[in-house]
Asker: 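First, the structure itself, so that you have it in front of you.
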Amino acid sequence: MRYISFTDEPSIAPDEFYMNEAIKEAKVALDLDEVPIGAVVVCNGKIIGRGHNLTERLNDVTAHAEMQAFTAAANYLGGKYLKDCTLYVTIEPCIMCAGASYWTQISRIVFGAHDMKRGFSRINQQITHPRTEIVSGVKENDCATLMKNFFLRKRSKS
């Protein structure tokens, strides 16, 4: 009889695992014909908030994936601060979402692809909380490809 050791299994880094969950949310947005951005908030190894873009469906310019995930996480925790949490988002947060992250005091933001036009890092100011760790480039190609394909499809229809 042969036993299979779980240590023989390929492991996935936590940041990649949770970014895959954010990508799933982005695909939900894509299915709704929304800009395919997804986000999850993780606390102590558990997803406590999920979100995807809903700006078209809700007719609300503030209904970004990050905002949806922040609200869900705050409701789960019963408070507005996300100090021991990590936001995983497929695309670099915009200035609005980075500003909202400041007020949540979230510990980490991990994003996939940079947004060279609207991402918060394009301005030279501290928008996120000074204690927030920023990690970029996690599953960058997968995240960027979702966006590129969405906008290529949009352009080809017009």
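Residues: numbered from 1 along the sequence shown.
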Asker: Any chance CZ of F150 has more than 12 other-residue heavy atoms, nucleotides or ligands included, within less than 6.0 Å?
Answerer: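 Check passes, neighbour count above 12.
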Asker: Surrounding CG of D31 (heavy atoms of other residues, nucleotides or ligands, distance under 6.0 Å), is the total greater than 12?
Answerer: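 Counting other residues, nucleotides and ligands, CG of D31 exceeds 12 neighbours.
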Asker: Could you tell me whether the side chain of I106 reaches within less than 4.5 Å of the side chain of I109, counting heavy atoms only?
Answerer: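 Touching, per the 4.5 Å side-chain cut-off.
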Asker: Any idea which heavy atoms bring I12 and E16 closest together, and the distance?
Answerer: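 In terms of heavy atoms, the two residues are closest at CG1-CB, 3.7 Å.
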Asker: Going from OG1 on T132 to CG on L82, what distance comes out if it is rounded to the nearest 0.5 angstrom?
Answerer: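 Rounded to the nearest 0.5 Å, the OG1-CG separation comes out at 10.0 Å.
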Asker: Where the side chain of T90 meets the backbone of I37, is there a donor-acceptor pair that is under 3.5 Å apart?
Answerer: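 Checking the backbone N and O of I37 against the side chain of T90, no donor-acceptor pair under 3.5 Å is found.
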Asker: Are V135 and I23 connected into the same hydrophobic cluster when the rule is that any two of I, L, V, M, F, W, Y join if their side-chain heavy atoms are below 4.5 Å apart?
Answerer: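 Yes, one cluster joins them.
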Asker: If hydrophobic clusters are built from ILVMFWY residues whose side chains come within less than 4.5 Å, do L58 and F70 share one?
Answerer: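 No, L58 and F70 fall in different hydrophobic clusters.
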Asker: Could you check if a side-chain atom of Y81 sits within less than 4.5 angstrom of a side-chain atom of T104, using non-hydrogen atoms only?
Answerer: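 Sidechains of T104 and Y81: no contact.
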Asker: How are the rings of F120 and F111 set to each other: parallel, tilted or perpendicular (split at 30° and 60°)?
Answerer: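 Answer is perpendicular, since the angle exceeds 60°.
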Asker: Are K154 and D33 packed together at the side-chain level, in the sense that at least one heavy-atom pair is separated by less than 4.5 angstrom?
Answerer: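 Sidechains of D33 and K154: in contact.
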Asker: Rounded at 0.5 Å granularity, tell me how far CG in N141 sits from CG in L146.
Answerer: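 Nearest 0.5 Å value for the CG-CG distance: 11.5 Å.
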Asker: Check whether any side-chain heavy atom of C94 sits under 4.5 Å from a side-chain heavy atom of D115, and report yes or no.
Answerer: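 In short, these two side chains do not touch, never coming nearer than 4.5 Å.
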Asker: Is any side-chain heavy atom of S101 closer than 4.5 Å to a side-chain heavy atom of H129?
Answerer: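 Side-chain contact under 4.5 Å: no.
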Asker: Checking N53 side chain against E34 main chain: does a donor-acceptor pair fall under 3.5 Å?
Answerer: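 Checking the backbone N and O of E34 against the side chain of N53, no donor-acceptor pair under 3.5 Å is found.
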Asker: Specify the closest pair of heavy atoms between A29 and P36, including all atoms of both residues, with the distance to one decimal.
Answerer: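 That would be CB-CA, 4.0 Å.
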Asker: Does this structure show an ion pair linking R108 with D84, if we count only N-O contacts that are shorter than 4.0 Å?
Answerer: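 Not counted as a salt bridge, because no side-chain N and carboxylate O are separated by less than 4.0 Å.
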Asker: Is L77 close to I48 at the side-chain level, that is, under 4.5 Å between some pair of heavy atoms?
Answerer: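 Yes, close enough: below the 4.5 Å cut-off.
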Asker: Measure the shortest side-chain to side-chain distance between Y102 and T128 over non-hydrogen atoms and say whether it is less than 4.5 angstrom.
Answerer: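 No, too far: nothing below the 4.5 Å cut-off.
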Asker: Kindly compute the distance separating CD1 (I127) from CD1 (I123), expressed to the nearest 0.5 Å.
Answerer: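 Result: 3.0 Å between the selected atoms.
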Asker: Where do A113 and C143 come nearest, in terms of heavy atoms and distance?
Answerer: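 So the minimum-distance heavy-atom pair works out to N-CB, 4.1 Å.
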Asker: Membership question, hydrophobic clusters at under 4.5 Å side-chain separation (ILVMFWY): are Y18 and V28 in the same one?
Answerer: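 V28 does not cluster with Y18.
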Asker: Are L54 and Q68 close enough that some pair of their side-chain heavy atoms sits under 4.5 Å apart?
Answerer: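 The answer is yes; the side chains approach within 4.5 Å.
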Asker: Quick one: pull up CZ in F17 and CE in M19 and give me the separation to the nearest 0.5 Å.
Answerer: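 Here the rounded value is 13.0 Å.
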Asker: Assess whether a salt bridge exists between D142 and K139, defined as any Lys/Arg side-chain N lying under 4.0 Å from an Asp/Glu carboxylate O.
Answerer: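 Looking at K139 together with D142, the answer is yes, because their closest N to O distance falls below 4.0 Å.
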Asker: Do S136 and E92 have a side chain donor and acceptor closer than 3.5 Å?
Answerer: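 There is no such pair (donor and acceptor under 3.5 Å, judged by atom type) between the side chains of S136 and E92.
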Asker: Check C97 against H64 and note the closest heavy-atom contact, atom names and distance.
Answerer: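 Closest pair (atom of C97, atom of H64, distance): SG-ND1, 3.4 Å.
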Asker: Salt bridge (charged side-chain N to carboxylate O under 4.0 Å, His left out): which pairs involve residues 42-65, sequence neighbours left out?
Answerer: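 Output for this query lists E21-R50, E25-R50.
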Asker: Once rounded to the nearest 0.5 Å, what's the spacing between atom CD of E66 and atom CD1 of I91?
Answerer: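 Those atoms lie 9.5 Å apart.
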Asker: Once you round to the nearest 0.5 Å, how far does OG of S156 lie from CZ of F151?
Answerer: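 One gets 13.0 Å once the value is rounded to the nearest 0.5 Å.
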